[in-house]
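Lettering of chains follows the sequences in order, A, B, ..., and the numbering in each one begins at 1.
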Amino acid sequence: MSWSIGHSVYRKDGLEKVTGRAKYTGDHSSKDMLHIKMVVSSYAHAKIKAINTTKALKVSGVRGIVLGQPFPLTGEEIKDRPPIAYDKVRYHGEPVAVVVADTALQAQKAAELIEVTYEPLPVVNSPKNALLPGAPLVHENLAVYERIEHVYPEANTNIADRIKIRKGCMNEGWKASHEMVEASFSFSQSDHMAMETRCVIAEIHPDGCVVFTSATQSPYMIKHLMSDYFNLEDGKIIVKTPLVGGAFGGKVAVQLELIAYMASLAVGGRPVKLVNTREEDMITSPVHIGLDATIKLGATKDGQLTAAEILYMFDTGAYSDKGATISRAAAVTSTGPYHIDNVWCDSLCVYTNHPYVTAYRGFGHSELSFAFERAMDMLAKKLDMNPLELRMKNAILPGQTTPTQIRLNESTVGNLPNCIETLKQQMNWNEGQVIPINDRKVRAKGISCIWKTSTIDSDASSGVILVFNRDGSVNIESGVVEIGMGTKTVLAQMLAEKLKMDVNKIFVKMEIDTQSIPEHWKTVASRGTLMAGRALLKAADDAIVQMKDIASRVLMCSPDELEVGNERVYVRDEPDIYIKVKDICYGYKYPHGYAIGGQVIGRGQYMLRHLTHIDPKTGVGRPGPEYTVAAQGAEIEFDTRDYTYKILKAYSVIDAGIVLNRKLAKGQVMGAMEMGLNFGSSETFVFSEQGEVLNSRLRTYTPFRYGDHPEYVVSFIETPYIESAYGARGLGEHGLIGMPAALANALSVASGMELNRLPLTPEAIWRKKIGVNEY
Amino acid sequence: MNKSEITLNVNSEERSVYVRHSDTLLYVLREELGLTGAKPGCLNGDCGACTVDVDGQAMKSCLMLAIEAVGKKITTVEGLQNIPLKTAFIKKFAFQCGYCTPGFLMNSNSLINNYPQADDIQIKDCLESNICRCTGYKEIEEAVKSVLADGSTGNGNY
Ligand code: FES
Ligand code: FES
């Protein structure tokens, strides 16, 4: 019998959230708090000639103004970014000055009075342009920046990193092929658009302790990077993170914390609060990456892929931050979930004068999948083959190798053919891809297949502490941030399963405090369930040992003969001989007064095993543990006269390993699918010729609203991932990944054109049709 | 900066507060009265995270001045008595991060009270003014429809 795994247990944070009692970072304020307002650049690329703060300083209530300094330079892989622009600005929206004042209003008034004189510079407006000979350089000093060992910037270019995949022999691949397609694909940057904008509160105590309250996915990374950038003692940096109002990768970046720290420093350590406006959140803080890609595929007559030549040029914007890691993640799974013997891929992280990027749900995968899955459909057309059959024929299988030449097994790769077969049934694929409705409208279907592993630090770790209460209930302390995905509810379920107890007697601490809660590297990459899950099981084992130890003395038997369950410690084959957990979890007191043991405190940690860096010449290496595979589809109703369309149904068949909480899992997948459809159909930044973002507000950016949602058809295949707690695979991002491609494939067959640029607005399709302003 | 003292009726309590005439209702609720349930998402009227109830109608509190609310009955999510609706949101998993939830609850509550027989088009008309970035909206649809079908029209709070 299952105690909790697989049940749709309600969210542990549910009641707080429906009563308005749930506190997010911005909900914290106090009378002694000062307020920060940023002045941001109105140019995408310009020299800062002068900054005049005279008028601003006269505004009453202003306590300080902070300008950019040459150091420290910051960045996770390459230190290329001053927290406040110094000497020149590299993107529209970049912070150039920061005002601290008693009230937010005074800070804003003063910010408006700061006069910045710029000398505009030529702008790099796309990755393609950035790579042209003679393109302006975004970073003149690229060669001398400090960097980690495994990133390879190319001096005197706009290339921050180049990841190479060299598998097999391309000559042989092309020789073996009978048909070939080659095409280019692209989309601009866009935004995460979490409903809670990024915000932070910082103060510096007299003893030097720096305390942040931050809306972040990476509280422990803030601690680590602050100590690195500002030379602070690790133990003196304390980060608290209450509930987070959505993140989607956007809150991985450490940005506002640096500014808030500098601002607090300027006012003697007083508490300061910085809350992004929506407009700042969209362009000043880091955004979703853009891409220009070229893909060339070769296959035999019967559709066996023989060669793939892939060029990904990612638009990392003005700074590399996570852009290099994303380019790497895209390289290692560059072919999509297909087995190809001969692969050549260059994945470039390219500087432009656009806002800089950070992680975005899927971490490079919805991006590469759009390009690759469009190419697959084009190949199918050329081969005159059913696109679903082409995918089935090449689907990656246990025993085959990845682009980074890692051999897979059933546990690590799951069952893609099963996903495709299930999708085929659910979409009623055999009825055809385009079904006429009347003389004007058609119903059309498109599919895509995806896979993803995590490309995170090979020494990333996660820790869990379990603390027992006197009544035998348990508190879970884990460094996973509750950003909405419900991992902490799932952790409670795992513990209930492990200790065979009621999940309602398990409490989870939602807020993070890095001073007392063990580290979970970052809440990213769909890694919470695996890493914190394993740490939790280890902590539970530790607690069980302690309970058995005390119980064995009371019951006068060996600990080996005991079991824990039903809130008792009992003799395995005579369960009637037991002691209640509540009678030993704070130690045991004998009738005459002696006592033994003490509060039971379980501790556990987990670190991913056997991950490696990627070889710079060949790409060989093991970037992540397991893969989650899926087959996805979109069904649309398309108006052939005005190119409008409605998304009728969206499908996901995901091999999720064992599903731990069905409704939570389904919710993650549906939400991700929605985000992917939104990205594919309407989300994009519109850049002017000068590199300014023209639509940095919700009214002009067009997020999906209630009623735009299709019918979701979500199902799970369950091939257990043996390494993880209860067999689960990463799931938080995967629903998104194939959606833009599936939508583009459906619209391409419906319109009879190869639609290779996102987003697919009716206007974009019309432009393509009439050849105006060729996208 | 001139401030005036006003009295607001919030969640059936009379609250006196000093406000600037240009302070929005959202600002005063959050920063002066400590009612942080209503959330800022855009301060532009685009997202609905700040929705409260004013005299029985859903209102974006970032688009209303506090002084305009004098003499009106304001209900925020903290004072929302519609238990069936809140329960439905939990049972249908109609939120993830929960940041949009107060706004959706207040908006849905006014929908349920004003249009107990609402059809799909009326539901869309009301709820499309709010954005949720986490869910696929389907869960919110199910939660709201389950309460409509039940005929539980809140608590007659108004
Ligand atoms: S904050 Fe009021 S509508 Fe967005
Ligand atoms: S639950 Fe996060 S925005 Fe709706």
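Counting heavy atoms from C-beta outward, A:His709 and B:Glu141 have side chains that approach closer than 4.5 Å. Between A:Arg697 and B:Cys42, every side-chain heavy-atom pair lies at or beyond the 4.5 Å cut-off.
Both the backbone and the side chain of B:Ile123 come within contact range of chain A, with heavy atoms under 4.5 Å apart. Interface residue B:Ile90: backbone and side-chain heavy atoms are both found under 4.5 Å from chain A. Using a 4.5 Å cut-off between heavy atoms, A:Val9 contacts chain B through its backbone alone, with no side-chain atom that close. Contacts of A:Ile483 with chain B are made by backbone atoms alone, with heavy-atom separations under 4.5 Å and no side-chain atom involved. Only the backbone of B:Asn130 comes within less than 4.5 Å of a heavy atom of chain A; no side-chain atom from C-beta onward does. For a residue to count as touching a neighbouring chain, one of its non-hydrogen atoms must lie under 4.5 Å from one of that chain's; by this rule B:Lys138 touches chain A with backbone and side chain alike. With a threshold of 4.5 angstrom between heavy atoms, B:Ser129 approaches chain A through N, CA, C or O but not through any side-chain atom. Contacts of B:Thr101 with chain A are made by side-chain atoms alone, with heavy-atom separations under 4.5 Å and no backbone atom involved. Heavy atoms of B:Lys92 lying under 4.5 Å from chain A are absent altogether. For a residue to count as touching a neighbouring chain, one of its non-hydrogen atoms must lie under 4.5 Å from one of that chain's; by this rule B:Phe93 touches chain A with the side chain only.
Taking the six-membered ring for Trp and the full ring otherwise, B:Tyr137 and A:Phe704 have centroids separated by 6.0 Å or more.
Comparing B:Asp125, B:Ile131, B:Thr135, B:Val77 by heavy-atom pairs within less than 4.5 Å of chain A, the highest count is held by B:Ile131. No other option in A:His192, A:Lys666, A:Met673, A:Arg361 has as many heavy-atom pairs under 4.5 Å with chain B as A:His192. Each of A:Tyr10, A:Tyr24, A:Tyr706 has some count of heavy-atom pairs under 4.5 Å with chain B, and the biggest count is that of A:Tyr706.
Looking only at distances, no side-chain donor or acceptor of A:Arg278 sits under 3.5 Å from a matching main-chain atom of B:Leu43. Of the possible polar contacts, one joining the A:Lys17 side chain to the B:Gln96 backbone as a donor-acceptor pair under 3.5 Å is found.
The salt bridge (charged side-chain N to carboxylate O under 4.0 Å, His left out) with B:Arg133 is formed by just one residue from the set A:Glu196, A:Glu683, A:Glu674; it is A:Glu683.
Judged by distance alone, the side chains of A:Ser29 and B:Glu31 do bring a donor and an acceptor atom under 3.5 Å apart.
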Run the numbers on A:Lys23 and B:Thr36 for side-chain hydrogen bond (donor to acceptor under 3.5 Å, both in side chains), then give the verdict. CA-CA 8 Å; A:Lys23 291 277 186 216; B:Thr36 56; 2.8 Å; yes
